[in-house]
Amino acid sequence: MPTPKRLLKTVALTAAALGALTLTACGTQGAAGTPSSAALSAAPSATPSPVMLSGEELERHPDPTVRAQAIAIRITNTCAPGTAMELPPLPAVSKLAETVPGTPADEEPPTPADAPVPLPTDLPEPPGPEATVSYDEVPLDEVDRCAADAHVDRVRAAFATGAPADEAALRKALAGADYLPENVHRMPGDGPLRVRVDLRDLSPNDNLALEVTVTAGGVRVDAFGAPVAGGPEITDIRRADKS
């Protein structure tokens, strides 16, 4: 079974970013590993450590990216246990220190090193001019289809009360269901309002996408496979039974 590399990468980036934020909020350290005088003067005494969230709590995290990833990981591991790496315990944003020590006004900012940082030697070669980009829908495998069914049910539940009045209402409902606004793309053309939700970064095999079409009574949600090679835009993918 292919490893969801893009999902693991986004998980790692989120954990690293929030981990750095936690360290910053807790103060800087001196050369000997002890808190610097600036950190001690800025931070209140006996400040409790940030409350760490894990498991289902991450699906209620204040950061929408964390919520989206936590939900996608749970769905993936329900369909194929152990496939996706779990998010490590992360701090609740509301628990981070509100005052973060800054750079003193009389302190010179660090200057960049004169010598360029060497690139890793194992970087893959960029695609050559002969590389072709596929714009055709790809089939979903068993794990993809299982994850797709879970996402379809979640989107349908977001519109259980009826059809959205316009695109803004459609986007608001999807955001309320923890689908990131930057992953929702309006489809061009006449006819019913239609958007595609790009879940390739959050799917088990980097191919999952949803198409949401507004109907008289609500929405119709179709899952389909989008190719990754070449990074075609989600709105350019040709469905097997539609444009």
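These figures come from a predicted structure and were not determined experimentally.
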- Do side-chain atoms of Arg196 reach the backbone of Ile234 as a donor and acceptor pair under 3.5 angstrom? yes
- Would you kindly confirm whether Leu174 and Ile71 end up in one hydrophobic cluster when ILVMFWY residues are joined by side chain heavy atoms under 4.5 Å apart? no
- Where is the tightest heavy-atom contact between Ser134 and Pro232, given as atom of each residue plus distance? O-CG, 3.6 Å
- Note on the structure: In this structure, CG of Leu58 is separated from CZ of Arg74 (nearest 0.5 Å) by 11.5 Å
- Which atom names give the shortest non-hydrogen contact between Pro164 and Val219, and what distance separates them? CD-CG1, 4.0 Å
- For the residue pair Ala147 and Cys79, what are the closest heavy atoms and their distance? N-SG, 3.3 Å
- Within one Ile-Leu-Val-Met-Phe-Trp-Tyr cluster: Leu193 and Val221, side-chain cutoff 4.5 Å: yes
- Got more than 12 heavy atoms from elsewhere within 6.0 Å of CD, Glu233? no
- Under-4.0 Å salt bridge between Asp222 and Arg220: yes
- Message: Is any side-chain heavy atom of Val195 closer than 4.5 Å to one of Glu211?
- Response: no
- Message: Is there a side-chain contact between Ile237 and Phe224 in this structure, where contact means two heavy atoms from C-beta onward sitting under 4.5 Å apart?
- Response: yes
- Query: So, for Asp144 and Asp141, which heavy atoms are closest and what is the spacing to 0.1 Å?
  - Reply: N-OD1, 2.8 Å
- ILVMFWY cluster, Val152 and Leu208 together (side-chain gap under 4.5 Å): yes
- Item | Separation between CG of Asp206 and CG of Leu199, rounded to the nearest 0.5 Å | 11.5 Å
- Task: Looking only at non-hydrogen atoms, find the nearest pair between Leu210 and His151 and report the distance.
- Result: CD1-CB, 4.0 Å
- Task: Report yes if some heavy atom in the side chain of Leu180 is under 4.5 Å from a heavy atom in the side chain of Pro64; otherwise report no.
- Result: yes
- Message: I want to check something: taking the side chain as every heavy atom from C-beta on, are Val214 and Phe159 in contact at a cut-off of under 4.5 Å?
- Response: no
- Salt-bridge test for Arg238 and Glu137: reply yes if a basic N is under 4.0 Å from a carboxylate O, no otherwise. no
- Message: Membership question, hydrophobic clusters at under 4.5 Å side-chain separation (ILVMFWY): are Ile75 and Val197 in the same one?
- Response: no
- Message: Looking at every non-hydrogen atom in both residues, tell me the closest pair between Asp166 and Ala169 and how far apart they are.
- Response: OD1-N, 2.9 Å
- Query: Is any NZ, NE, NH1 or NH2 atom of the basic residue among Arg67 and Glu59 found under 4.0 Å from an Asp or Glu carboxylate oxygen of the other?
  - Reply: no
- CG (Asn183) and CG (Leu202) are apart, to the nearest 0.5 Å, by 6.5 Å
- Item | Rounded distance (nearest 0.5 Å) linking atom CG of Leu170 with atom CZ of Arg186 | 9.0 Å
- Message: Could you check whether any side-chain heavy atom of Arg200 comes within less than 4.5 Å of a side-chain heavy atom of Val228, counting everything from C-beta outward?
- Response: yes
- Query: What distance separates His185 NE2 from Arg171 CZ, expressed to the nearest 0.5 Å?
  - Reply: 8.0 Å
- Counterpart residues, side chain to side chain contact (heavy atoms under 4.5 Å, CB included), relative to Glu142 (two or more places apart): none
